[in-house]
Number of protein chains: 2
Amino acid sequence: MTDAKPSQMTRIQQKNRDLIMQGALNVFSANGFRGATIDQIAKSAGLSKPNVLYYFGSKDEIHKALLTAMLDLWLAPMQLIDPYGDPLEEVLGYVRAKMAMSRDYPRESRLFAYEILQGAPHLTEILGGGLREIVDRAVIILNRWMDEGRLARVEPRHLIFSIWSMTQHYADFEIQVRAVLGSGRDPFAEGEVFLDQMYRKILTP
Amino acid sequence: MTDAKPSQMTRIQQKNRDLIMQGALNVFSANGFRGATIDQIAKSAGLSKPNVLYYFGSKDEIHKALLTAMLDLWLAPMQLIDPYGDPLEEVLGYVRAKMAMSRDYPRESRLFAYEILQGAPHLTEILGGGLREIVDRAVIILNRWMDEGRLARVEPRHLIFSIWSMTQHYADFEIQVRAVLGSGRDPFAEGEVFLDQMYRKILTP
DNA sequence: TAATTTATTGACCAAACGGTCAGGATCAGG
DNA sequence: CCTGATCCTGACCGTTTGGTCAATAAATTA
């Protein structure tokens with residue numbers, strides 16, 4: 001409904017809808033849905049509150065639009081797993097990609113973290129639908145590799161959970177990570193080394 | 001200030017403060033701090049809003065009291081690591097304990113997840129203080145075991161992060177986990193098996 | 001340039017929310 | 001049973017918040 005095709009939008013629409021998405025990302029990722037206010041989003045976007053509501057009819061709509069806009073970016077790395085690549089390197093590449101996402105897109109990570117914590121009220125259809133299919137595709141590949149003895153046997157879905165949780169942990173709980181590590185260290189660089197070492201051990205047949 | 005000793009409290013005070021903590025746990029863990037209202041807490045506790053505010057002066061105070069009350073429970077498992085036990089079994093025991101916490105106390109897990117996501121506004125002193133010391137204690141033990149060759153060498157703090165993130169993932173993102181796994185499965189039981197297998201591989205020297 | 005559509009905003013509204021308070025109910029000790 | 005302290009609540013208050021609207025400004029089109 002509000003997701004008119006970009007081609008049908010005026011330049012002003014494109015620019016302002018984008019500004020609002022940016023502001024919404026800032027505010028929602030820092031405060032969660034309930035903690036965010038339209039005023040904050042408007043301020044972060046450099047627009048007035050009524051003007052924000054001129055482009056998106058409601059706070060809910062902004063949130064939903066933001067989640068759907070970010071979802072592709074968020075799920076992209078898993079679809080890059082190449083069934084014809086080297087199994088171990090493919091998985092390690094996925095881990096590295098997810099870790100890079102946590103480093104470069106921590107706001108997106110927190111946005112989804114809030115949403116899932118909340119019970120995913122705006123993502124239920126995606127959780128039960130698209131996400132499951134994407135995971136199933138990866139699981140099929142992983143299972144084949146394990147069958148072929150090119151990857152150690154582990155429960156593939158829980159393997160994926162482990163990758164999600166550990167990589168996103170560095171973004172979502174960054175404050176805790178930094179508090180525990182102390183200053184003068186690079187959590188993401190260290191985490192990448194740790195995860196590489198770890199998954200090598202687990203997955204080497 | 002509000003944490004009067006239980007012995008100085010009347011039975012009514014003990015009972016009602018406890019009811020409020022229970023209600024607050026329900027509401028804060030489901031909605032986060034900003035998403036929770038005193039009315040909801042009061043309803044969940046079976047008390048009136050002014051009565052809740054008779055025992056705790058403000059929403060902030062309830063939240064702070066709840067976090068501090070839950071913190072000991074939350075950090076207990078790590079302090080149970082026995083420096084004189086079998087290294088691998090001690091770590092695996094810790095993993096199992098954390099997994100049991102996620103299964104049996106998912107609300108507490110979500111409570112802390114929201115707080116850390118938010119930037120830990122009510123936990124900064126704990127994050128920089130007590131938590132770090134507790135972790136340091138465990139790190140010393142882990143390092144000794146690794147020095148002695150009784151445990152494979154990995155960065156101990158990141159090892160701890162991995163345990164936290166993976167175990168808490170099953171509680172905090174339970175909806176996602178269930179959506180991906182589908183019905184008729186027991187995420188926690190499967191996760192425990194997976195984690196046991198995984199950490200055995202990683203940590204066996 | 002005139003007409004029309006699109007964009008923008010100050011002022012406003014109703015509901016929700018955190019918190020207060022005066023007064024009444026209940027309880028414990030003498 | 002009396003009395004003082006504790007406990008409880010309906011009514012209320014100021015603020016914040018999501019959202020509306022009429023009026024104006026800026027683009028776009030004819």
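Each chain gets a letter, A, B and so on, in the order the sequences are listed, and its residues count up from 1.
- C:dG19 atom P lies 9 Å from atom NZ of B:Lys49, rounded to whole Å.
- Rounded to whole Å, the distance from CD1 on A:Ile20 to P on C:dA7 is 11 Å.
- The separation between A:Asn51 atom CG and C:dT6 atom C1' is 11 Å, rounded to whole Å.
- Computed from coordinates, the B:Lys59 NZ to C:dA16 P distance equals 15 Å when rounded to whole Å.
- With respect to the salt-bridge test (charged N to carboxylate O, under 4.0 angstrom), the residues B:Arg185 and A:Glu155 qualify.
- Checked against a 6.0 Å centroid threshold, the rings of B:Tyr170 and A:His158 count as neighbours.
- Between A:Gln13 and C:dA7 there is a side-chain polar atom (N or O) within less than 4.0 angstrom of OP1 or OP2.
- If you take CG of B:Asn31 and C1' of C:dC17, they are 14 Å apart, rounded to a whole angstrom.
- Salt-bridge check for A:Lys64 with A:Glu115: failed, with every basic side-chain N at 4.0 Å or more from each acidic carboxylate O.
- Under a 4.0 Å N-O distance rule, the pair B:Asp196/B:Arg200 qualifies as a salt bridge.
- Contact annotation: A:Tyr54 side-chain N/O to C:dA7 OP1/OP2 distance is under 4.0 Å.
- Once you apply a 4.0 Å limit to the heavy atoms of chain A, the touched nucleotides of DNA chain D run 5' to 3' over D:dT17 to D:dT28.
- Between the CD1 atom of B:Ile38 and the P atom of C:dG19 there is a distance of 5 Å, rounded to whole Å.
- Look at NZ on B:Lys15: it is 12 Å from C1' on C:dC27, rounded to the nearest Å.
- Judged purely by atom type and a 3.5 angstrom limit, A:Ser102 has no side-chain atom pairing as donor or acceptor with the backbone of A:Met99.
- Place B:Leu53 and A:Val52 on DNA chain C by their nearest nucleotides, and A:Val52 ends up nearer the 5' end.
- Here A:Ile12 lies in heavy-atom contact (under 4.0 Å) with sugar-phosphate atoms only.
- A salt bridge is defined here as a Lys NZ or Arg NE, NH1 or NH2 lying under 4.0 Å from an Asp or Glu carboxylate O, and A:Arg157 with B:Glu190 fails to meet this definition.
- The existence of a salt bridge linking A:Glu133 and A:Arg137 is excluded, since no basic side-chain nitrogen approaches an acidic carboxylate oxygen closer than 4.0 Å.
- Residue-level contact check: B:Ala42 touches neither bases nor backbone, having no heavy atom under 4.0 Å from any strand.
- Atom C1' of nucleotide C:dA28 and atom CZ of B:Arg11 are separated by 9 Å, given to the nearest angstrom.
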